[in-house]
Asker: 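Take a look at this one; I'll ask things after.
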4 protein chains.
Amino acid sequence: MAEDADPARRSIGARRNPDSAGAILEAAEAVLVEAGYSGFSIEAVARRARAGKPTIYRWWPSKAALLLEVYKRQKRVDIPDTGRLEEDLVGFLQNLFKHWRETSSGSIFRSLIAEAQSDETASAALAEYALGRPSHTVQIVERARQRGEVAEGVDSAPVADLISSYAWRHLLTNRLDQDEQSIRKAVGYVLRGIAAPGN
Amino acid sequence: MAEDADPARRSIGARRNPDSAGAILEAAEAVLVEAGYSGFSIEAVARRARAGKPTIYRWWPSKAALLLEVYKRQKRVDIPDTGRLEEDLVGFLQNLFKHWRETSSGSIFRSLIAEAQSDETASAALAEYALGRPSHTVQIVERARQRGEVAEGVDSAPVADLISSYAWRHLLTNRLDQDEQSIRKAVGYVLRGIAAPGN
Amino acid sequence: MAEDADPARRSIGARRNPDSAGAILEAAEAVLVEAGYSGFSIEAVARRARAGKPTIYRWWPSKAALLLEVYKRQKRVDIPDTGRLEEDLVGFLQNLFKHWRETSSGSIFRSLIAEAQSDETASAALAEYALGRPSHTVQIVERARQRGEVAEGVDSAPVADLISSYAWRHLLTNRLDQDEQSIRKAVGYVLRGIAAPGN
Amino acid sequence: MAEDADPARRSIGARRNPDSAGAILEAAEAVLVEAGYSGFSIEAVARRARAGKPTIYRWWPSKAALLLEVYKRQKRVDIPDTGRLEEDLVGFLQNLFKHWRETSSGSIFRSLIAEAQSDETASAALAEYALGRPSHTVQIVERARQRGEVAEGVDSAPVADLISSYAWRHLLTNRLDQDEQSIRKAVGYVLRGIAAPGN
DNA sequence: GTCTAAACGAGACGGTACGTCAAGTCTTGGC
DNA sequence: GCCAAGACTTGACGTACCGTCTCGTTTAGAC
């Protein structure tokens with residue numbers, strides 16, 4: 001944001017002003033954290049960012065687009081690599097829950113999912129985001145496959161689907177404070193289902 | 001709804017008018033089906049039901065409460081009982097997806113989940129609804145346990161959690177048209193994790 | 001306006017709240033006086049009246065309708081009755097100019113005319129207002145006709161048209177401070193044109 | 001405008017580009033004709049002229065200044081010279097009304113008057129324009145005076161004021177389709193008031 | 001021939017106001 | 001005391017312009 005006493009950002013010519021974009025994204029995150037999804041409005045973001053509403057609409061066609069970009073700006077969650085599939089998955093879920101709990105990411109992602117239920121573009125954006133990259137779980141499972149931990153013929157996509165779904169629902173139902181034991185139990189049932197004989 | 005051609009229900013005196021309540025619930029469902037969650041407003045429901053807004057607010061303190069009652073009015077999904085755990089679970093998920101797809105239940109439940117992300121009462125209602133009764137999956141698993149299909153020490157709650165989560169996410173991301181094979185695969189991974197030795 | 005410390009007017013049920021209407025009209029007049037036509041906006045009126053914009057739009061479909069009602073609320077200008085046509089007309093114009101100068105009526109009427117140049121409804125409202133009642137000038141001339149001051153065959157409508165036009169243009173061009181002599185001269189030319197022989 | 005297919009005029013160096021000025025004035029007139037005063041905005045003119053907004057603001061400091069220049073570009077109305085005062089005045093008004101009706105001049109002048117009600121510079125410009133030259137009516141009356149048609153001591157300024165006012169009001173209230181008889185009647189009343197004895 | 005200054009189109013900027021929609025609260029008057 | 005009805009304040013929606021600003025380009029005229 002501008003320092004000192006300059007109260008308003010000026011245009012920097014006929015192109016996007018990164019200061020404005022940054023201030024808007026920061027404001028969006030702050031509003032989401034402080035007022036929650038129900039208090040999240042373009043107006044509120046504009047007020048907080050000291051930006052005009054049209055400036056927001058110029059760059060983000062919908063609330064969803066803004067949310068998604070805010071979410072993408074977040075620091076990513078760590079993917080553990082312990083050499084053992086179960087530890088990797090449990091650790092990943094623990095990291096993810098912690099990340100969602102302790103940063104604004106959780107709020108943002110919840111909002112995004114909620115928005116996707118009523119807004120077509122949010123839905124599309126979310127789908128594209130979800131499918132556009134190999135999920136962390138898929139990466140973890142593939143690594144385990146190379147180590148020989150995974151039974152032949154196991155498809156990692158449904159596994160990732162199960163694990164992601166589990167995470168989503170815990171986020172959506174305020175159950176991110178799950179202890180390690182519970183996570184390990186659920187993950188374990190899936191793992192035993194896909195483990196290579198002898199593992 | 002009112003008989004004859006009288007377009008407006010009259011008061012029936014100092015007690016709740018069941019016609020009104022019924023008309024409101026029907027209108028809520030109709031609005032949800034026709035306009036989706038984004039078009040679902042108390043205002044729209046009142047218009048459609050030819051009811052006053054205060055009448056709605058008197059009996060349902062929030063949008064969430066109305067949604068929840070609409071959801072509860074829906075016909076429940078069938079729980080298969082084939083004598084084999086895998087068939088039961090796959091069949092149940094297929095029934096559920098079909099039910100969500102082909103009736104208004106899917107829309108309603110999606111809306112309820114979305115609403116719960118911004119409305120505290122919806123969140124509580126949803127939690128209470130989810131936890132207040134043994135889930136269908138728990139029932140199915142428990143039945144299998146009695147048949148000896150389930151390994152000792154297996155906790156049915158995390159299993160139900162995994163299965164429900166899988167269903168929720170498919171609902172929330174418009175993937176209710178999953179074919180049997182995909183469902184069977186995902187369910188299978190969980191099942192092998194909990195199967196009794198020899199099953 | 002509400003007395004004491006009650007900051008917000010409440011609804012008084014399913015009918016128009018005269019307090020609100022009054023507050024809006026007063027606010028409209030005040031805004032017009034203080035900020036002029038260029039500063040006159042529905043937003044400003046709503047802010048000043050502590051009313052919601054929809055409340056204004058509910059009762060006045062356009063800026064023009066609001067302006068017109070504000071104008072109609074103004075105290076009317078006195079029509080002299082001296083028994084002599086020239087004195088009546090000169091006196092009337094002097095009264096009118098004074099009224100326009102010293103109350104907010106002048107500003108309001110100017111605004112109304114300006115609004116009518118871009119807004120169809122304002123144009124219609126103004127026309128309806130202008131044609132809907134015999135103008136003051138017509139009344140004055142008709143009275144003179146009964147006294148025998150007016151030549152036979154004289155039509156009072158074009159006379160009123162000339163006099164009204166003269167008044168309008170002086171309003172629109174900030175020349176309401178015309179001295180009696182100038183007014184008398186202009187009126188005199190018209191009068192001599194319509195005087196009965198011997199008058 | 002630029003030749004060939006080059007869609008954008010370039011700068012021609014450190015001086016005003018007459019092509020741009022011309023295109024802007026033409027665009028302003030076109031916008032006014034097509035969208036009326038309510039649709040007349042600097043933005044719209046710039047779009048239509050394929051010019052940048054700053055180019056317009058550089059040369060015309062306000063909407064009023066642009067309007068005024070557009071008005072001045074218009075072909076002037078013909079002043080008849082029949083040798084008889086009444087015919088001259090009636091003819092002039094007929095020409096003026098026709099000119100206002102059938103060219104864009106009427107729209108432009110209306111807009112200018114409207115603008116002058118909220119914009120100080122427009123007001124000043126209009127006053128300066130109106131007072132800065134002898135009006136057509138004054139010219140006509142002075143010519144008649146030299147022919148001996150006008151009574152001694154008659155001041156042509158108030159006469160012109162009456163006639164101009166009549167014209168203005170008919171413009172502002174959409175009554176430019178007045179037939180000759182009506183005009184002649186109104187003009188006649190004034191004329192008889194100023195005629196030399198025996199005329 | 002180089003350099004400076006100004007004008008050009010384009011379009012982003014912070015704002016204000018628009019007119020609409022829905023939220024949740026309130027009162028009336030009928031039953 | 002419940003009902004339909006509908007007015008109330010509040011506040012967000014997405015859009016149109018406002019007048020200002022900076023950009024990168026172009027050209028004339030001063031050196």
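A note on names: the letters A, B, ... follow the listed sequences, proteins ahead of strands, and every chain is numbered from 1. Hydrogens, waters and symmetry mates are skipped; everything else that's a heavy atom, side chains included, is used.
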Asker: More 5' along DNA chain E: A:Pro18 or B:Ala44, using each one's nearest nucleotide?
Answerer: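 Looking at DNA chain E, the more 5' nearest nucleotide goes with A:Pro18.
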Asker: Answer yes or no: is there a donor N or O on one side and an acceptor on the other, between the side chain of C:Glu29 and the main chain of C:Leu25, under 3.5 Å?
Answerer: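 Not at all, since once roles are kept as given, no pair shorter than 3.5 Å links the two residues.
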Asker: For B:Asp119, what residues pass the side-chain hydrogen bond (donor to acceptor under 3.5 Å, both in side chains) criterion, not counting sequence neighbours?
Answerer: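 Only B:Thr121 meet the side-chain hydrogen bond (donor to acceptor under 3.5 Å, both in side chains) criterion with B:Asp119.
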Asker: If you assign each of C:Ile24 and A:Arg47 to its closest nucleotide in DNA chain F, which residue comes earlier from the 5' end?
Answerer: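 The 5'-side residue here is C:Ile24.
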Asker: Which of residues 107-114 of chain C sit near DNA chain E, with a heavy atom under 4.0 Å from it?
Answerer: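 Contacting residues: none.
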Asker: From CZ of A:Arg16 over to C1' of F:dC23, roughly how many Å is that when rounded to an integer?
Answerer: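 Answer to the nearest Å: 17 Å.
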Asker: Distance check needed: E:dG19 P versus C:Leu66 CG, whole Å only.
Answerer: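 Nearest whole value for this atom pair: 12 Å.
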Asker: In whole Å, I'd like the distance from the CZ atom of A:Arg15 to the P atom of F:dC21.
Answerer: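 These atoms are roughly 17 Å apart.
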Asker: Identify, with sequence neighbours excluded, every residue that meets side-chain hydrogen bond (donor to acceptor under 3.5 Å, both in side chains) alongside C:Ser20.
Answerer: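 Listed in chain order: C:Arg9.
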Asker: Would you give the length of the straight line joining atom CD1 of C:Ile108 to atom CD of C:Glu69, rounded to the nearest 0.5 angstrom?
Answerer: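 Going from CD1 on C:Ile108 over to CD on C:Glu69, the span is 11.5 Å.
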Asker: What are the residues of residues 30-42 of chain A, sorted by number, that bring a heavy atom to within less than 4.0 Å of DNA chain E?
Answerer: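 Close to the strand, none.
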Asker: State which residue, out of D:Leu126, D:Leu68, D:Leu172, fulfils the side-chain contact (heavy atoms from CB on, under 4.5 Å) condition with D:Phe109.
Answerer: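 By the side-chain contact (heavy atoms from CB on, under 4.5 Å) criterion, D:Phe109 pairs with just one of D:Leu126, D:Leu68, D:Leu172: D:Leu126.
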Asker: Rounded to whole Å, please give me the gap between CZ in A:Arg10 and C1' in F:dC23.
Answerer: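 Those two atoms, CZ and C1', are 16 Å apart.
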Asker: Round to the nearest Å and state the distance from A:Ile12 atom CD1 to E:dA12 atom C1'.
Answerer: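 It works out to 8 Å between those atoms.
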Asker: Determine the sole option in A:Ser111, A:Ser62, A:Ser107 for which the side-chain contact (heavy atoms from CB on, under 4.5 Å) test with A:Leu67 is passed.
Answerer: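 When A:Ser111, A:Ser62, A:Ser107 are each tested with A:Leu67, the side-chain contact (heavy atoms from CB on, under 4.5 Å) holds only for A:Ser111.
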Asker: Heavy-atom distance under 4.5 Å between the side chains of C:Ile24 and C:Arg50, does that happen here?
Answerer: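 Counting from C-beta outward, C:Ile24 and C:Arg50 never come under 4.5 Å.
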Asker: Given that B:Glu43 and A:Asn17 both sit by DNA chain E, which one's nearest nucleotide is further toward the 5' end?
Answerer: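 Residue closer to the 5' terminus by nearest nucleotide: A:Asn17.
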Asker: Is the NZ or CZ atom of A:Arg15 positioned over A:Trp59's six-membered ring, under 6.0 angstrom from the centre and within 45° of the axis?
Answerer: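 Pair A:Arg15/A:Trp59 does not count as cation-pi.
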Asker: Does E:dG15 have OP1 or OP2 sitting under 4.0 Å from an N or O in the side chain of A:Arg50?
Answerer: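 Yes, A:Arg50 has a side-chain N/O under 4.0 Å of OP1/OP2 on E:dG15.
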Asker: From A:Arg58 CZ over to A:Thr55 OG1, what is the distance, rounded to the nearest 0.5 angstrom?
Answerer: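 The OG1 atom of A:Thr55 is 5.0 Å from CZ of A:Arg58, to the nearest 0.5 Å.
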Asker: Going by number, which of residues 51-64 of chain C have a non-hydrogen atom under 4.0 Å from DNA chain F?
Answerer: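 The stretch gives C:Gly52, C:Lys53, C:Pro54, C:Thr55, C:Arg58, C:Trp59 as the residues lying under 4.0 Å from the strand, ordered by number.
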Asker: Please report the closest heavy-atom contact between D:Ala49 and D:Ala27, naming both atoms and the distance.
Answerer: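 Taking D:Ala49 first and D:Ala27 second, the nearest heavy atoms are CB-CB, 3.6 Å.
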Asker: Side chains of residues 34-45 of chain C: which donor-acceptor partners sit under 3.5 Å, not counting sequence neighbours?
Answerer:
from, atom 1, to, atom 2, distance (Å)
C:Glu34, OE1, C:Arg48, NH2, 2.7
C:Glu34, OE2, C:Arg48, NH2, 2.4
C:Tyr37, OH, C:Glu115, OE1, 2.5
C:Ser41, OG, C:Ala44, N, 3.0
C:Glu43, OE2, C:Lys53, NZ, 2.8

Asker: Taking only side-chain N and O atoms of C:Ser20, does any of them lie within less than 4.0 angstrom of OP1 or OP2 on F:dT9?
Answerer: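 The answer is yes; a side-chain N or O of C:Ser20 sits under 4.0 Å from OP1 or OP2.
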